[in-house]
2 protein chains.
Amino acid sequence: MSVAVENFVKAIYNNDKHDIKDTKPGNIAKKLGISNAAATDMAKKLAARDLLNYEKYQELQLTDKGVKMALNVIRKHRLWEAFLFKMFDMSLHDIHREAELLEHQTSDLLAEKISAYLGHPKFDPHGDPIPNANGEITTKDTSISLSEAMEGKTYTIARLMSDDKEFFEFCTQNGIKYRNTLTITKQFSGNKMTQILVGTNTIVLNEDFTKNIYVEEH
Amino acid sequence: MSVAVENFVKAIYNNDKHDIKDTKPGNIAKKLGISNAAATDMAKKLAARDLLNYEKYQELQLTDKGVKMALNVIRKHRLWEAFLFKMFDMSLHDIHREAELLEHQTSDLLAEKISAYLGHPKFDPHGDPIPNANGEITTKDTSISLSEAMEGKTYTIARLMSDDKEFFEFCTQNGIKYRNTLTITKQFSGNKMTQILVGTNTIVLNEDFTKNIYVEEH
DNA sequence: TTTTATTTTTAAGTAAGCTTAAATATTTTA
DNA sequence: TAAAATATTTAAGCTTACTTAAAAATAAAA
């Protein structure tokens, strides 16, 4: 299974989970930074390998086999994140970047060794759940996007979902991290801007940032 | 720099160091498990990129740039070996296999973090020297192949050079490991067979194994 | 030294993973 | 609902990293 295939399957899986459901080739292409034509092409090839269902102009749907592959890669990614986070003093963004590469070159054996070393953690440093060796996520996710949360309420940060370096730098600088607490002090004009309180810091976020922050009721 | 290029350059470097010097495409091809034609092809391409000097029917010679690339990859390989060896209970062969993959997906930053964590080690678990971040090997190598060592003498094991799983299993089972001591008790018919004493074990090795064991005078 | 065996090189071809440009279908909006 | 905008697909083409088969050169053996 090549890097391109693993990334394609992973992109569909992640998109399916977290975006406004749009798994058509164009949207996957955008996530992967490839052309629409390349994505359509790949979709056809993966359909032939029973990793996804493809019908012209329709959404791409992973088969069980495709989901299994995605979860296997995601497991390795998140284990690497947890491991690097524990071992080395590196930014969340740098850790993410390393994991993005290492995930494709990690045997199931090594993944298991890392998992055991960490005490089989259920979450990575962003708060994302780590699938077990069978590709099952045993924790249930009750988190909501901060852009959908309610003014006046206090939440626990459940996940930080982003590939963007600036987002993580911003979070680090402002105490926005996994398991910290925040309160929504004010929402402006249809949730386009959100004012939050983290520790003693009052911060105003726009939607580009709030949509990446997932929280749970306190 | 692709995996194929890194492995090609690495194969020339390693071969140049340790084999009866033969860096012609055919020999490199054999090491990499590709066809002679593919190796010739690659040699021409890498010559165009100033990584090696290529002249028809002649030995391939790495340029300074090529050596630098090789040492950068080798550094990452050996750091991973040292790191995995320290962290996890895995066989030397499994560790080698993981490192063979991870070496190509490791940033200089991560390599430096691993090196620092280990206290900037000078040798990996096979006894191979680890180049520093500038691609310099600061230790001088005075080891010789066991197949060239002398009967009756006692040596310290300096390096175990092999990709072969059975070789490492054999070594592990018989106490043949980095920094252990061995004595050559008998040599047979022009060094084709060598009898050694390791701890309380007497072992007879054929040349396929002795050529992979490097030793230093005691 | 000449023949034979081995290597190296060239040539032609393949698969994966991309690209751009044009054709076709779908979606939006007026 | 028809026109305009957008997205998807098809088609043609490129690069990398291989392959096999044949030609050419080198190395070994008689």
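Letters A, B, ... are given to chains in the order of the sequence lines, protein chains preceding strands, and every chain is numbered from 1.
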- [ ] With heavy atoms under 4.0 Å as the rule, sort B:A38 into base, sugar-phosphate or nothing.
- [x] base

- [ ] Could you tell me whether A:A37 contacts a base, only the sugar-phosphate backbone, or nothing, with contacts defined as non-hydrogen atoms closer than 4.0 Å?
- [x] base

- [ ] Between A:K24 and A:N36, just flag the one whose closest nucleotide in DNA chain C comes earlier from the 5' side.
- [x] A:N36

TODO: Could you check A:A39 against B:G26 and say which one's nearest nucleotide on DNA chain C is further toward the 5' end?
DONE: B:G26

Open item on the list: Does the plane of the ring in B:Y117 sit parallel, tilted or perpendicular to the ring in B:F83? Use 30° and 60° as the thresholds.
Closed with: perpendicular

TODO: Report the relative orientation of the aromatic rings in A:Y178 and A:F123; use parallel for angles under 30°, tilted for 30 to 60°, perpendicular for over 60°.
DONE: tilted

Task: Interface residues of residues 43-60 of chain B with DNA chain D (non-hydrogen, below 4.0 angstrom) - done: B:K45, B:Y57

Between atom [atom1] in [X] and atom [atom2] in [N], what is the gap in whole Å?
X	N	atom1	atom2	value
B:M42	C:dT9	CE	P	15 Å
A:D41	C:dT20	CG	C1'	14 Å
A:I34	C:dT20	CD1	P	12 Å

TODO: Could you tell me from which nucleotide to which nucleotide of DNA chain D, 5' to 3', there is an atom under 4.0 Å from chain B heavy atoms?
DONE: D:dA17 to D:dA27

Distance only, no hydrogens: is a donor on one side chain within 3.5 Å (strictly under) of an acceptor on the other, for [X] and [Y]?
X	Y	result
B:E169	B:S91	no
A:K76	A:N72	yes
B:H104	B:N7	yes
B:N27	B:K31	no

- [ ] Return the set of residues passing side chain to side chain donor-acceptor pair (under 3.5 Å) with B:E216 (not counting sequence neighbours), or none when no residue passes.
- [x] B:T142

Open item on the list: Using the rule salt bridge (charged side-chain N to carboxylate O under 4.0 Å, His left out), only one of B:E112, B:E136, B:E6, B:E81 pairs with B:R75; which is it?
Closed with: B:E112

Task: Contact summary for A:M161 and A:R159, nearest pair of heavy atoms - done: SD-NH1, 3.6 Å

Open item on the list: Angle between the two end axes of the helix from C:dT1-D:dA30 to C:dA30-D:dT1, five base pairs per end, rounded to 10 degrees?
Closed with: 10°

TODO: Could you name each residue pair satisfying ring pair (Phe, Tyr, Trp, His ring centres under 6.0 Å) that touches residues 47-68 of chain A, not counting sequence neighbours?
DONE: none

Task: Pair listing, side chain to side chain donor-acceptor pair (under 3.5 Å) test, anchored in residues 35-48 of chain B, at least two apart - done: none

